[in-house]
Protein chains: 2
Amino acid sequence: MGARQTTQRSLILDYLRGQKTHPTAKQVHDGVKVQLPGVSLSTVYRTLGWLRDQGEALELNGADGRSHYDGDVSDHGHFTCVRCQKIWDIELELPDLDRWEFEQKTGFKIHGRQFDLYGVCSSCGEKEDE
Amino acid sequence: MGARQTTQRSLILDYLRGQKTHPTAKQVHDGVKVQLPGVSLSTVYRTLGWLRDQGEALELNGADGRSHYDGDVSDHGHFTCVRCQKIWDIELELPDLDRWEFEQKTGFKIHGRQFDLYGVCSSCGEKEDE
DNA sequence: CTACCTGCAAAGAATTTGCGGCTCT
DNA sequence: AGAGCCGCAAATTCTTTGCAGGTAG
């Protein structure tokens with residue numbers, strides 16, 4: 001029943017973990033194609049979804065309407081650049097959330113959270129003009 | 001140059017402001033069709049995008065991969081139900097963010113932020129089975 | 001009047017899925 | 001051998017866009 005170890009999977013995971021900003025499926029595909037030209041986009045989608053289900057990656061809902069993937073599943077925040085659409089990790093004191101109190105008060109059960117800032121990143125800010 | 005007041009626009013804004021969970025374009029379309037059967041989905045998309053550009057609505061990037069629209073543009077958090085995909089408003093102490101310090105340290109310019117929790121909402125929790 | 005808006009239909013883009021064949025284990 | 005995977009192509013969805021005609025101001 002076990003998951004199988006294939007060239008495609010290890011390359012995709014390696015690529016994802018090597019990225020500072022969090023790529024879309026298409027960007028992962030382009031990146032992996034360098035080493036494995038024949039890999040298909042649907043394999044990339046399937047592998048990324050599988051990593052997400054395994055808890056080995058986070059699927060982020062980008063402001064550009066596409067999914068971005070993050071190989072770091074620890075509790076951290078993101079900054080989305082509204083110009084280049086890149087998503088950066090940020091070091092921020094995330095709010096101390098009392099899960100128990102929240103769940104008692106609302107009846108909602110918390111699985112996870114995300115904290116996001118939007119704006120212009122430093123490299124896009126430099127190219128400023130008008 | 002002025003923006004024009006049309007039946008479509010006022011109904012769409014009214015509908016949006018009347019919703020507790022934040023609907024997708026399609027849901028807004030279905031809701032508005034009750035009073036204005038002939039309205040087209042592209043008008044709904046155009047109007048929602050225009051409201052977002054005017055700062056009168058927020059476009060939220062749903063975990064379902066679709067855009068959801070929120071008529072309340074104040075700084076507040078959201079809870080996304082992973083079962084029904086509804087997005088609820090939550091009352092939470094949002095972290096005190098020192099914009100100036102952050103922008104100095106990172107070179108990033110902040111436009112806005114979003115805080116999201118993911119989990120199961122109370123009505124989906126009740127229908128629990130297996 | 002006329003710049004702006006609308007509905008329709010078609011185009012685009014992101015993601016998923018069915019299938020026959022290949023491959024780890 | 002056989003459960004899993006893969007690549008390919010087609011199907012789904014969501015969203016945007018071009019155009020011809022209608023309407024608010």
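Protein chains get the first letters and strands the later ones, always in sequence-line order, with residue 1 at the start of each.
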Look at atom CD of B/Glu91 and say whether more than 12 heavy atoms of other residues, nucleotides or ligands are closer to it than 6.0 Å.
no
Can you tell me the distance, in whole Å, between the CD1 atom of A/Ile12 and the P atom of D/dC5?
12 Å
Write down the distance between CD (A/Gln5) and C1' (D/dA3), rounded to a whole number of angstrom.
17 Å
When only distance counts, do a donor and an acceptor, one from the side chain of A/Arg46 and one from the base of D/dG4, lie under 3.5 Å apart?
no
How bent is the helix from C/dC1-D/dG25 to C/dT25-D/dA1, measuring the angle between the end axes built from five pairs each, rounded to 10°?
40°
Side chain of B/Arg9 - closest among C/dC5, D/dC5, D/dT15
C/dC5
In whole angstrom, what separates A/Gln85's CD from C/dA13's C1'?
14 Å
Donor-acceptor contact present, side-chain A/Gln85 to main-chain A/Ala63, <3.5 Å
no
Here the pair of heavy atoms bringing A/Arg99 nearest to A/Ile110 is NH2-O, 3.3 Å
When all nucleic acid strands are considered with a 4.0 Å heavy-atom cut-off, which category describes A/Gly38: base, sugar-phosphate, or nothing?
sugar-phosphate
On the nucleotide D/dT15, are OP1 or OP2 found under 4.0 Å from the side-chain N or O atoms that B/Tyr45 carries?
yes
Do the side chain of A/His76 and the main chain of A/Ser74 share a donor and acceptor less than 3.5 angstrom apart?
yes
A/Arg66 CZ to C/dG12 P, straight-line distance once rounded to whole Å
17 Å
Between A/Ser42 and A/Trp50, which has a closest nucleotide on DNA chain D that is more 5'?
A/Trp50
Nearest-nucleotide check on DNA chain D, B/Arg52 vs A/Leu41; residue mapping nearer the 5' end is A/Leu41
Pairwise 5' ranking along DNA chain C for A/Thr6 and A/Ala25, keeping only the more 5' one
A/Ala25
Counting only distance, no hydrogens or angles, is the base of C/dT25 paired donor-acceptor with the side chain of A/Arg4 under 3.5 Å?
no
Picking from D/dC6, C/dG7, D/dC14, which would you name as closest to the side chain of B/Lys26?
D/dC14
Would B/Asp89 and B/His78 satisfy side chain to side chain contact (heavy atoms under 4.5 Å, CB included), going step by step from the backbone distance to the final call?
CA-CA 5 Å; B/Asp89 286 326; B/His78 292 113; 3.2 Å; yes
Write down the distance between NE2 (A/His68) and C1' (C/dA13), rounded to a whole number of angstrom.
14 Å
Rounded to whole Å, the CG-C1' distance (A/Asn61 to D/dT13) equals 16 Å
Contact class for A/Thr24 vs. all strands (heavy atom < 4.0 Å): base, sugar-phosphate, or nothing?
nothing
Looking only at side-chain N and O atoms, does B/Gln8 offer a donor or acceptor that is under 3.5 Å from a partner on B/Thr43?
no
Nearest-Å distance for atom pair CG/P, residues B/Leu11 and C/dC5
16 Å
Distance check needed: D/dC14 C1' versus B/Leu48 CG, whole Å only.
13 Å
Where do B/Arg9 and B/Trp50 come nearest, in terms of heavy atoms and distance?
NH1-CZ2, 3.6 Å
Answer yes or no: are there more than 12 heavy-atom neighbours, outside A/Gln104 itself, under 6.0 Å from its atom CD?
yes
Examine the base of D/dC5 for any acceptor or donor lying under 3.5 Å from a partner atom in the side chain of A/Thr43, and report the outcome as yes or no.
no
When you measure from the side-chain N and O atoms of A/Gln8 to the phosphate of D/dG7, is any distance below 4.0 Å, counting only OP1 and OP2?
yes
